[in-house]
2 protein chains.
Amino acid sequence: MGTRQEISELPPDADLARADSLAREIFSDIANKWALLIIEFLGQRTMRFSELRDAIGGISHKMLTQNLRTLERNGLVERHVHATVPPRVDYTLTEAGQALRGVVDGMCGWTQHHLGTIEACRSRFDAS
Amino acid sequence: MGTRQEISELPPDADLARADSLAREIFSDIANKWALLIIEFLGQRTMRFSELRDAIGGISHKMLTQNLRTLERNGLVERHVHATVPPRVDYTLTEAGQALRGVVDGMCGWTQHHLGTIEACRSRFDAS
DNA sequence: CGGCATCCTTAACGATACTG
DNA sequence: CAGTATCGTTAAGGATGCCG
């Protein structure tokens, strides 16, 4: 038989593969424009749906709900519904969301810091 | 006249708006699954096209070239063509790319660290 | 081997309208 | 106000083939 079964305490290949595909799945969920912008803006403070929509700008109603659901499913965002009329829904980052926020801040900072360089690179690239 | 012209040293609204839309554009270029995975794998070492393709896994020929061109245009990746036969093309992260790599590492680390929590959140969410 | 172009399929997205 | 559903459009993405 294969040598791998000898150390039964370690997860078998099947489990490693599953964890890997899960990691990829999660990575795909968060590594997209809208999800990261939501994280970034919600990181500043709790916001209701329409506030967030206006803060981000350029995101459609549908995209916002859709991405918020995905983030909620992954435990990055908490949804609080107030039983008022008109209804009010607040969104907050969870602890995990806040942790990710640090990373997203880094991305935004990187973008700001390299704006000029990138613009120059683009001009050079587009010229040729 | 408007009050804004009085302080001519500061960039006018038009310039701020342009810088903002440029930042958004760049953010969209890098805030996507494939671009970030390329950054992550190229961060480990210089690779040729096919190596990178195999390392990432699940990315099509077309997506890889397309994203590499975008990254090259933004000055994150350098493309080195060797005049050999068969041809060989190496890709390397630039300084700016390496800087971004730190951020992407953070994202990958975050994903690994929260794998369990997220899986639990998903089960709970999907149950309801 | 790597790049580009083409076609085709699918999924993302926006707009609209209706419900609680 | 926020959410869901539907429809139509557009763009992303995969497969193939040909060129350097």
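Residue numbers start from 1 in every chain, and the chains themselves are labelled A, B, ... in the order their sequence lines are given, proteins ahead of strands. In this text the structure is predicted, and so the values were computed from the model without any measurement.
- Side chain of A/His114 to backbone of A/Trp110: a donor-acceptor contact under 3.5 angstrom is found.
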Original post:
Which parts of nucleotides 15-20 of chain D does protein reach within less than 4.0 Å, heavy atoms only, written one letter per nucleotide 5' to 3' as B for base, S for sugar-phosphate only and - for none?
Top reply: B----B
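- Taking side-chain N and O atoms only, A/Arg48 has a distance below 4.0 Å to OP1 or OP2 of D/dA2.
- Note: CD1 (A/Ile59) to P (D/dA2) measures 14 Å, nearest angstrom.
- The CG-P distance, from A/Asn32 to D/dA11, rounds to 18 Å in whole Å.
- Put simply, B/Ser50 has a side-chain N or O that comes within less than 4.0 Å of OP1 or OP2 on C/dG2.
- Using a 4.0 Å heavy-atom cutoff across all strands shown, B/Arg69 reaches sugar-phosphate atoms only and no base atom.
- Heavy atoms only, all atoms of each residue included: B/Phe27 and A/Cys108 are closest at CE1-SG, 4.0 Å.
- Each of A/Asn67 and B/Arg79 has a nearest nucleotide on DNA chain C; the 5'-most of these lies closest to B/Arg79.
- Residue B/Gln66 contributes atom CD, which lies 13 Å from atom P of D/dA11 at whole-angstrom precision.
- Taking B/Gln66 as the reference, nothing meets the side-chain hydrogen bond (donor to acceptor under 3.5 Å, both in side chains) condition, with sequence neighbours excluded.
- The separation between B/His82 atom NE2 and C/dG3 atom C1' is 16 Å, rounded to whole Å.
- Between B/Asp20 and B/Arg24 no salt bridge is recorded (no basic side-chain N to carboxylate O distance below 4.0 Å).
- Taking atom CG of B/Leu64 as the reference point, atom P of C/dG2 lies 10 Å away to the nearest angstrom.
- Smallest separation of non-hydrogen atoms from A/Glu51 and A/Thr46: OE1-O, 4.4 Å.
- Residue B/Arg53 contributes atom CZ, which lies 15 Å from atom P of D/dG13 at whole-angstrom precision.
- For A/Trp34 and C/dG14, the CH2 to C1' distance is 12 Å, given to the nearest whole Å.
- Comment: B/Glu72 engages B/Arg69 in a salt bridge, judged by a side-chain N to carboxylate O separation of less than 4.0 angstrom.
- Side-chain N/O atoms of A/Tyr91 include none lying less than 4.0 angstrom from OP1 or OP2 on D/dC1.
- Residues B/Met63 and B/Lys33 are not in side-chain contact: their nearest non-hydrogen atoms beyond the backbone lie 4.5 Å or more apart.
- For the pair B/Leu68 CG and C/dC1 P, the interatomic distance rounds to 17 Å; values are reported in whole Å.
- Comparing D/dG13, C/dG3, D/dG3 against the side chain of B/Met63 picks out D/dG13 as the nearest.
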